[in-house]
*Asks:* 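My questions will all concern the structure given below.
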Amino acid sequence: MQLQGRIDSDPTHQYKGYKLRIGKPSPFGTTLVPNGVNFSIFSRFATQCTLILFERDAREPFIEIPFPEEFKVGNVFTMIVFDLKYEEIEYGYRMDGPYRPHEGHRFDSDIILLDPYAKLIGGQDVWGEIHPEGIYPHRARLTPEDYDWGTDRYPNFRTEDLIIYEMHVRGFTRHPSSHARYPGTFAAIRDKIPYLKSLGINAVEFMPIFEFDEFEYDRTNPETGEQLLNYWGYSNIGFFSPKAGYAATGRLSMQVDELKTTIRELHRHDIMVILDVVFNHTAEGNELGPTISFRGIDNKTYYMLTPDGRYLNFSGTGNTMNCNNPVVRSMVLDCLRYWVSEYHIDGFRFDLASILGRDQNGFPLANPPLLEALAHDPILANCKLIAEAWDAGGLYQVGSFPAYGRWTEWNGKYRDTIRRFLKGDAGIIGEVAERIQGSPDLYWGRSAAASVNFITAHDGFSLRDLFSYNEKHNWANGEENRDGGNDNYSWNCGVEGETDDQEIVEIRHRLIQNAVAILMVSRGVPMILMGDEVAHTKYGNNNTYCHDNELNWFNWDLLETNAGIFDFFRHCIAFRNAHPVLRGREHFTHRDLVGSGYPDISFHSTRAWQTDWAEYIRTLAFMLDGKHAENGTIEDDSIYVAMNMHWDSHPFEIPALPEDRQWHVFANTSPGVVHVIHEPGNEPVIKDQHYIMVGARSVVILVGKKTTTPRRYKRNSRSKKS
């Protein structure tokens with residue numbers, strides 16, 4: 001290559017008619033500059049880098065421009081190319097360097113590589129449409145950052161006030177019953193905002209929306225022959241680019257604006273947006289996987305490797321990102337800052353977050369630099385940071401995840417304990433009490449809001465299936481039912497799968513109601529799974545990662561079919577929103593610190609003020625004193641919850657209230673009860689203020705309100721104080 005002039009005498013070079021200049025090494029990726037585009041890419045071990053430019057959707061590049069040696073700053077290749085029609089081009093890179101896999105180097109200049117910092121990725125612009133033969137499927141595109149956010153503001157709810165709705169973007173509106181104009185897209189979510197508001201949630205957690213390849217798998221459904229897809233998207237290709245196939249305008253490369261408009265509309269209706277992000281691995285897999293980006297750019301920097309160059313696999317998917325390498329750590333920070341500043345994202349849930357605390361050899365770090373940097377980053381200061389505090393390598397950190405005063409955690413122990421309690425397991429009453437209190441045994445010294453409480457999530461049974469199946473039924477996944485978890489703590493109520501037996505159907509509905517009732521009165525942050533509120537079934541498949549069909553799609557017809565379940569959900573959510581005593585940030589003290597005559601929380605058995613913690617016990621009650629809400633700064637009603645997971649009914653003695661208050665019934669899931677739940681604020685007073693019969697496998701929630709008619713009777717209490 002002959003360049004005209006020298007960098008020190010003439011700042012402008014030319015190559016085949018294109019004017020060039022040394023670029024700015026920071027930021028990485030592409031930046032629009034006057035009359036040109038700045039390209040910047042890092043590689044510690046590459047010996048040469050070539051910029052590849054295509055016209056949009058062209059099979060062959062129209063030019064390949066090697067970076068002159070002078071255009072390298074440290075380990076960064078950087079160059080400005082002038083007079084490019086940036087809206088009409090795609091780009092990639094070739095990297096020269098050693099190919100010595102046993103040393104960790106896998107350079108191959110025959111492969112065109114995707115920019116890790118690509119803000120827009122083309123090639124699979126429409127979901128389910130395979131890119132044209134011969135065209136590389138993942139090409140970076142250029143996009144201006146000129147979206148007008150208008151008066152958009154971050155809702156910024158307190159963590160303890162959140163009610164999170166875990167949602168799959170495509171699955172939420174893909175079903176024909178959604179009647180969405182553009183089903184399965186970011187745009188279609190806007191049509192359903194009124195539904196989300198009616199449900200009462202104030203945060204949506206999108207399953208992965210970074211660009212991924214839905215055609216990653218080559219398996220078919222052995223039952224139907226249907227192509228299996230990477231539906232969930234936990235296999236990123238690029239961290240900075242939204243999934244084009246989730247946009248109605250993806251064919252026009254307008255997915256950025258479409259997503260931003262959806263976020264803006266959610267914010268306008270006071271709904272926060274949390275992204276499920278996957279930094280623990282990429283789609284490149286192990287030694288047999290494709291080379292897309294990181295492997296060909298600098299394999300030894302981006303991945304955890306054994307001394308002989310093989311991939312360490314703490315993700316269960318073939319490779320593990322080397323997240324505490326300074327370069328990779330900076331990329332993760334750059335990515336999150338970008339999504340907060342450019343997309344106004346309110347928080348992040350980190351998949352297999354324990355990996356983020358491992359060093360380059362896979363050993364857990366005492367003070368992981370990445371986790372600390374995320375916690376203290378000024379741009380992320382108001383973001384919710386949620387960790388899935390375990391990984392596929394056996395590191396389980398629920399309750400011990402390095403928090404730095406900022407991190408919250410998916411509480412897997414809450415999930416397992418409440419599941420066991422709901423199905424009637426014995427010997428766990430003490431642990432149930434811990435989970436309902438915000439798991440102080442796990443999070444003492446941290447906020448009670450550190451616990452994100454959930455009973456179901458995308459990974460595992462739906463709530464309906466939790467009470468319909470004893471075993472997983474994953475045969476449609478093409479893995480001979482070996483995939484998915486085996487420790488589901490589920491109960492089929494006597495029949496495996498669907499049934500017309502009304503007695504069993506009623507028990508299952510009651511257990512669903514019990515689950516959401518307990519979830520919404522537990523201290524911590526509740527999260528519900530999309531579709532649980534209408535009793536969606538996956539027919540016993542507890543690992544539906546590969547199904548783009550009704551196993552995963554929200555069936556909007558169920559809103560009518562299971563209207564009672566939906567009403568129960570929305571009333572329980574409204575009840576939580578109405579009572580700050582349920583949403584405290586601090587752990588309970590079990591003492592009366594405000595002079596109300598009652599401790600902030602008290603536990604009871606079938607006898608008031610007495611608790612039986614025996615192994616065989618399956619009943620538990622607790623009362624929250626409303627005068628302790630917000631540490632006594634506001635006054636709320638008192639709440640009493642009686643839970644009977646025994647197969648027989650039991651009378652519960654109710655703690656007495658002050659004479660100016662009476663117990664009203666909010667919810668009673670007991671068999672035969674006509675009005676199972678009431679609108680918050682319109683709960684009827686109960687006639688017997690001393691005892692209430694709680695049916696088999698049922699939950700009763702009472703609210704103690706002021707009354708204008710004083711009553712006089714002896715309190716059923718030896719002492720209400722600690």
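Just so it is clear, the values below take in all heavy atoms, side chains as well, and ignore hydrogens, waters and symmetry mates.
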*Asks:* Roughly how far, to the nearest 0.5 Å, is the OG atom of Ser198 from the NZ atom of Lys192?
*Replies:*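 Interatomic distance, Lys192 NZ to Ser198 OG, rounded to 0.5 Å: 10.5 Å.
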*Asks:* Going from CG on Asp465 to CD1 on Ile512, what distance comes out if it is rounded to the nearest 0.5 angstrom?
*Replies:*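 Going from CG on Asp465 over to CD1 on Ile512, the span is 9.0 Å.
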*Asks:* For the CD atom on Glu630, are there more than 12 heavy atoms of other groups (residues, nucleotides or ligands in this structure) within a distance under 6.0 Å?
*Replies:*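 Yes, CD of Glu630 has more than 12 neighbouring heavy atoms, counting only those of other groups under 6.0 Å.
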*Asks:* Taking the six-membered ring for Trp and the single ring otherwise, decide whether the centroids of Phe575 and His579 are under 6.0 Å apart.
*Replies:*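 Here the rings of His579 and Phe575 have centres that are less than 6.0 Å from each other.
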*Asks:* Would Arg510 and Thr669 count as a side-chain hydrogen bond (donor to acceptor under 3.5 Å, both in side chains) here? Give the steps.
*Replies:* CA-CA 6 Å; Arg510 188 157 73 249; Thr669 68; 5.4 Å; no
*Asks:* Which residues pass the side-chain contact (heavy atoms from CB on, under 4.5 Å) test with Thr159, not counting sequence neighbours?
*Replies:*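 Thr159: side-chain contact (heavy atoms from CB on, under 4.5 Å) contacts with Lys384, Thr408, Ala449, Val525, Arg585.
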*Asks:* Is the backbone of Asn644 close enough, under 3.5 Å, to the side chain of Ser698 for a donor and an acceptor to pair up by distance?
*Replies:* no
*Asks:* What are the two closest heavy atoms between Gly704 and Asp637, and how far apart are they?
*Replies:* O-CB, 3.3 Å
*Asks:* Determine whether a donor-acceptor pair (N or O, by modelled atom type, separation under 3.5 Å) exists between the side chain of Arg583 and the backbone of Arg576.
*Replies:* yes
*Asks:* List for me each residue that meets side chain to side chain donor-acceptor pair (under 3.5 Å) alongside Ser451, sequence neighbours excluded, and say none if there are none.
*Replies:* Asn411, Asn453
*Asks:* Mind checking whether Pro680 and Asn682 have side chains closer than 4.5 Å, heavy atoms only?
*Replies:*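 Counting from C-beta outward, Pro680 and Asn682 never come under 4.5 Å.
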*Asks:* Would you be so kind as to tabulate the donor-acceptor pairs closer than 3.5 Å made by side chains of residues 417-432, with sequence neighbours excluded?
*Replies:*
| unit_1 | atom_1 | unit_2 | atom_2 | d |
| --- | --- | --- | --- | --- |
| Thr417 | OG1 | Lys413 | O | 2.8 |
| Thr417 | OG1 | Glu431 | OE2 | 2.9 |
| Arg419 | NE | Ile455 | O | 2.9 |
| Arg419 | NH1 | Asn488 | O | 2.9 |
| Arg419 | NH2 | Ile455 | O | 3.0 |
| Arg420 | NE | Asp425 | OD2 | 3.1 |
| Lys423 | NZ | Asp425 | OD1 | 3.0 |
| Glu431 | OE2 | Arg435 | NH2 | 3.3 |

*Asks:* Taking 4.0 angstrom as the limit, do Arg607 and Glu653 come out as a salt bridge?
*Replies:*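 Salt bridge present between Arg607 and Glu653.
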*Asks:* Donor-acceptor pairs are to be reported for all side-chain atoms of residues 556-566 against protein atoms at under 3.5 Å, with residues two or more places apart or in another chain.
*Replies:*
| unit_1 | atom_1 | unit_2 | atom_2 | d |
| --- | --- | --- | --- | --- |
| Trp556 | NE1 | Phe172 | O | 3.0 |
| Thr561 | OG1 | Asp557 | O | 3.3 |
| Asn562 | ND2 | Val534 | O | 2.8 |

*Asks:* Mind jotting down which residue pairs meet the salt bridge (Lys or Arg N to Asp or Glu O under 4.0 Å) criterion with at least one end in residues 669-695? Sequence neighbours excluded, please.
*Replies:* Glu683-Lys705
*Asks:* Working note: Ile189 + Val169, criterion side chain to side chain contact (heavy atoms under 4.5 Å, CB included); need CA distance, chi angles, decisive distance, verdict.
*Replies:* CA-CA 8 Å; Ile189 293 173; Val169 167; 4.0 Å; yes
*Asks:* Is there a donor-acceptor pair under 3.5 Å between the side chain of Arg406 and the backbone N or O of Ala375?
*Replies:*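 Side chain of Arg406 to backbone of Ala375: a pair is present.
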*Asks:* According to side chain to side chain donor-acceptor pair (under 3.5 Å), who are the partners of Arg446, at least two apart in sequence or on a separate chain?
*Replies:* Glu409
*Asks:* Centres of the Trp407 and Phe350 rings: under 6.0 Å?
*Replies:* yes
*Asks:* Taking C-beta and beyond as the side chain, do Leu162 and Glu205 meet within less than 4.5 Å on heavy atoms?
*Replies:* no
*Asks:* So, do Arg591 and Pro599 sit near enough that their side-chain heavy atoms are less than 4.5 Å apart?
*Replies:*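 Answer no - side chains too far apart.
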*Asks:* To the nearest 0.5 Å, how far apart are NE2 in His587 and CD1 in Ile601?
*Replies:*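 Going from NE2 on His587 over to CD1 on Ile601, the span is 12.0 Å.
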*Asks:* Please enumerate all residues that pass ring-ring contact (aromatic ring centres under 6.0 Å, His included) together with His175, with sequence neighbours excluded.
*Replies:*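 His175 satisfies ring-ring contact (aromatic ring centres under 6.0 Å, His included) with no residue once adjacent residues are dropped.
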*Asks:* Tell me if a side-chain donor or acceptor on Thr499 pairs with a main-chain N or O of Val495 at a distance below 3.5 Å.
*Replies:*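 Such a contact is absent between Thr499 side chain and Val495 backbone.
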*Asks:* I'd like to check Val699 versus Ile701 (side-chain heavy atoms, cut-off strictly below 4.5 Å). Are they in contact?
*Replies:*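 Yes; the side chains approach each other to less than 4.5 Å.
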*Asks:* Could you check if a side-chain atom of His628 sits within less than 4.5 angstrom of a side-chain atom of Leu624, using non-hydrogen atoms only?
*Replies:* no
*Asks:* Taking side chain as C-beta onward, heavy atoms only, is Ile692 less than 4.5 Å from Leu702?
*Replies:*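 They are in contact (side-chain heavy atoms under 4.5 Å apart), so the answer is yes.
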*Asks:* Excluding sequence neighbours, so at least two apart, what forms ring-ring contact (aromatic ring centres under 6.0 Å, His included) with His458?
*Replies:*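 Testing His458 for ring-ring contact (aromatic ring centres under 6.0 Å, His included), a comparison that skips the adjacent residues, returns Trp232, Tyr234.
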*Asks:* Flag the pair Glu434 and Arg523 as a salt bridge only when some basic side-chain nitrogen lies within less than 4.0 angstrom of an acidic carboxylate oxygen.
*Replies:*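 Result for this pair is no, no salt bridge flagged.
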*Asks:* Checking the side chain of Arg570 only, and the main-chain atoms of Leu199 only, is there a donor and an acceptor separated by less than 3.5 Å?
*Replies:* no
*Asks:* Of all residues at least two apart in sequence or in a different chain, which pass the side-chain contact (heavy atoms from CB on, under 4.5 Å) check with Ser638?
*Replies:* Asp625, Leu657, Trp663
*Asks:* Is the closest basic N to carboxylate O distance between Arg264 and Asp152 below 4.0 Å?
*Replies:* no
*Asks:* I'd like to check His664 versus Pro684 (side-chain heavy atoms, cut-off strictly below 4.5 Å). Are they in contact?
*Replies:*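 When only atoms from C-beta onward are counted, Pro684 and His664 do not touch, as no gap falls below 4.5 Å.
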*Asks:* Step by step, would you call Phe401 with Trp390 a ring pair (Phe, Tyr, Trp, His ring centres under 6.0 Å)?
*Replies:* CA-CA 9 Å; Phe401 191 82; Trp390 55 84; over 10 Å; no
*Asks:* Once rounded to the nearest 0.5 Å, what's the spacing between atom OG1 of Thr707 and atom CD of Gln662?
*Replies:* 4.0 Å
*Asks:* With the side chain counted from C-beta on, respond yes when Asn492 and Ser468 share a heavy-atom pair under 4.5 Å apart, and no when they do not.
*Replies:*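 In short, these two side chains do not touch, never coming nearer than 4.5 Å.
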*Asks:* Please check if the side chain of Asp346 supplies one atom and the backbone of Asn156 the other of a donor-acceptor pair under 3.5 Å.
*Replies:*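 No, because the side chain of Asp346 does not come within donor-acceptor range (under 3.5 Å) of the backbone of Asn156.
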*Asks:* Kindly say whether the aromatic ring centers of His604 and Phe622 come within a distance under 6.0 Å.
*Replies:* no
*Asks:* Roughly how far, to the nearest 0.5 Å, is the CG atom of Asp600 from the CG atom of Asn631?
*Replies:* 9.0 Å
*Asks:* Start with the C-alpha gap between Asp377 and Leu336, add the side-chain angles, then the distance that decides, and say whether side chain to side chain contact (heavy atoms under 4.5 Å, CB included) holds.
*Replies:* CA-CA 10 Å; Asp377 187 82; Leu336 298 177; over 6 Å; no
*Asks:* For His590 and Phe588, take the angle between the two ring planes, folded into 0 to 90°, and tell me which bin it lands in: parallel under 30, tilted 30 to 60, perpendicular over 60.
*Replies:*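 Answer is perpendicular, since the angle exceeds 60°.
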*Asks:* Would Tyr154 and His344 satisfy ring pair (Phe, Tyr, Trp, His ring centres under 6.0 Å), going step by step from the backbone distance to the final call?
*Replies:* CA-CA 7 Å; Tyr154 297 82; His344 291 200; 5.0 Å; yes
*Asks:* Under the side chain to side chain donor-acceptor pair (under 3.5 Å) rule, collect the residues that match up with Tyr165, sequence neighbours excluded.
*Replies:*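 Checked Tyr165 against side chain to side chain donor-acceptor pair (under 3.5 Å); matches are Glu533.
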*Asks:* Given Ile263 and Tyr343, is the side chain to side chain contact (heavy atoms under 4.5 Å, CB included) satisfied, shown in steps?
*Replies:* CA-CA 8 Å; Ile263 294 169; Tyr343 286 85; 4.2 Å; yes
*Asks:* Who passes ring-ring contact (aromatic ring centres under 6.0 Å, His included) against Phe454, sequence neighbours left out?
*Replies:*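 In terms of ring-ring contact (aromatic ring centres under 6.0 Å, His included), with neighbours along the sequence ignored, Phe454 is linked to Trp410.
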*Asks:* First locate atom CZ of Arg508, then atom OG1 of Thr537, and finally report the distance between them rounded to the nearest 0.5 Å.
*Replies:* 9.0 Å
*Asks:* What residues, two or more places apart in sequence or in another chain, satisfy side-chain contact (heavy atoms from CB on, under 4.5 Å) together with Asp270?
*Replies:*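 Per chain and number, Asp270 pairs via side-chain contact (heavy atoms from CB on, under 4.5 Å) with Arg153, Phe157, Lys197.
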